[in-house]
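Have a look at the structure below, then the notes.
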Amino acid sequence: MVVSQDIALRLFFRGIQVLGREHLPSSGPVLLAPTHRARWDALLLPHAAGRRVTGRDCRFMVTVDEMRGLQGWFLHRLGCFPVNQARPSMASLRYAVDLLAGGQQLVVFPEGRIQREPSPLRLHQGLARLARLAAGQGVVVPVVPVGLAYSHSQPRWRDRAALCFGPPLTLEGQGREAAIDFTEHLTAAMTQAEAQARWGLGLAT
């Protein structure tokens, strides 16, 4: 935490703006659904919603490829665990549900990988499937859309960064149509949150 929050972020960025923090639940399980614009996202989220803010760490579901080598070691230290986002195994989903049942804060990037351009968003169904599985276990989880933005599409030295939390969403129903409908609402909410983050940096939306 000291290396990532107090050294890396402060040295690289000249300013970090956090918007909509009132939408972040202070207790109980929560799923954070951020846009994915840069590797810095994994440090900005704990800065805005981690232990120093909510008293809880951010646990990340990341792709299997990202958990290899030195980067994998570092991500593991940040609280990440691997998942095949194209075809998530039941074991990885159950592990995630167990974390949520324990009141943890879980981060899932619904886009699956870094997308430099902000729109249009194309989300995988994995997050909706996870929320549906948790609800089936009696764990109702608020899903908080998060938008991230940087001064440049590929962050540069002394850039500014912004992060915006949107109002929480809840999956209604258990069928496939409910998951599709939820994903559409989440797409719109993430798009709006990112537009607000970009507005905070004075960027065109």
Side-chain angles (χ1 to χ4, degrees), residues 1-6 9 16-36 40-62 75-83 85 88 91-111 123 126-149 161-174 178-179 181-183 185-194 196-197 200:
M1 184 180 296
V2 171
V3 173
S4 62
Q5 303 297 306
D6 298 332
L9 288 179
I16 299 173
Q17 186 175 14
V18 179
L19 305 170
R21 191 171 270 158
E22 67 275 9
H23 297 306
L24 186 64
S26 58
S27 62
V30 62
L31 264 170
L32 299 181
T35 57
H36 204 5
W40 288 102
D41 299 347
L43 300 188
L44 282 177
L45 285 158
H47 167 80
R51 190 183 307 176
R52 294 175 176 175
V53 178
T54 65
R56 295 172 294 176
D57 291 319
C58 290
R59 301 297 304 274
F60 291 80
M61 291 181 73
V62 300
L75 290 177
H76 178 73
R77 298 290 295 176
L78 284 175
C80 302
F81 60 96
V83 63
Q85 292 188 319
S92 61
L93 290 175
R94 287 195 185 100
Y95 178 68
V97 170
D98 287 344
L99 290 175
L100 293 170
Q104 297 272 354
Q105 187 168 236
L106 185 60
V107 181
V108 178
F109 292 103
E111 292 172 280
L123 308 187
L127 188 144
R129 184 181 176 189
L130 175 58
R132 186 172 59 185
L133 183 62
Q137 299 295 319
V139 183
V140 179
V141 184
V143 178
V144 178
V146 188
L148 291 111
L163 182 150
C164 179
F165 296 103
L169 306 176
T170 304
L171 176 66
E172 302 290 343
Q174 287 291 316
D181 186 61
F182 175 80
T183 300
H185 282 89
L186 180 60
T187 300
M190 289 172 61
T191 299
Q192 183 177 7
E194 185 164 88
Q196 291 177 319

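It should be emphasised that the depicted structure is a prediction, and the values quoted were computed from it without experimental measurement. Sequential numbering from 1 along the given sequence is applied to the chain's residues.
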Item to check | Within 6.0 Å of NE2 in H36, more than 12 heavy atoms from elsewhere | outcome: yes
Item to check | Polar side-chain atom of T54 near backbone of A49 as donor-acceptor pair, under 3.5 Å | outcome: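 Yes; at least one donor-acceptor contact below 3.5 Å.
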Next on the checklist: Quick check against the 3.5 Å criterion: does Q5 have a side-chain atom that pairs as donor or acceptor with the backbone of L43?
Outcome noted: yes
In Å and rounded to the nearest 0.5 Å, what is the [atom1] to [atom2] distance from [X] to [Y]?
X: L130; Y: R94; atom1: CG; atom2: CZ; answer: 12.5 Å
X: T183; Y: R129; atom1: OG1; atom2: CZ; answer: 12.5 Å
X: F81; Y: R59; atom1: CZ; atom2: CZ; answer: 6.5 Å
X: D6; Y: H47; atom1: CG; atom2: NE2; answer: 10.0 Å
X: M190; Y: T35; atom1: CE; atom2: OG1; answer: 5.5 Å

Minimum heavy-atom separation for [X] and [Y], please, with both atom names.
X: P29; Y: P142; result: O-CD, 3.2 Å
X: R56; Y: P25; result: NH2-O, 2.8 Å
X: L45; Y: P34; result: CD1-CG, 3.7 Å
X: A193; Y: G147; result: CB-N, 3.5 Å
X: V144; Y: G166; result: CG1-O, 3.5 Å

Do [X] and [Y] come close enough that some side-chain heavy atom pair is under 4.5 Å?
X: L148; Y: W40; answer: no
X: L9; Y: S4; answer: no
X: P46; Y: R51; answer: no
X: L163; Y: I16; answer: no
X: L127; Y: M61; answer: no
X: P168; Y: H23; answer: yes
X: P145; Y: L186; answer: yes

Next on the checklist: Determine whether L169 and F182 satisfy the following criterion, side-chain contact (heavy atoms from CB on, under 4.5 Å), listing intermediate values before the conclusion.
Outcome noted: CA-CA 8 Å; L169 306 176; F182 175 80; 3.9 Å; yes
Item to check | Parallel, tilted or perpendicular: rings of F109 and F60 (30°, 60°) | outcome: parallel
Next on the checklist: Among L31, L24, D57, which residue satisfies the side-chain contact (heavy atoms from CB on, under 4.5 Å) criterion with Q105?
Outcome noted: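 So, applying the side-chain contact (heavy atoms from CB on, under 4.5 Å) to Q105 and each of L31, L24, D57, only L24 qualifies.
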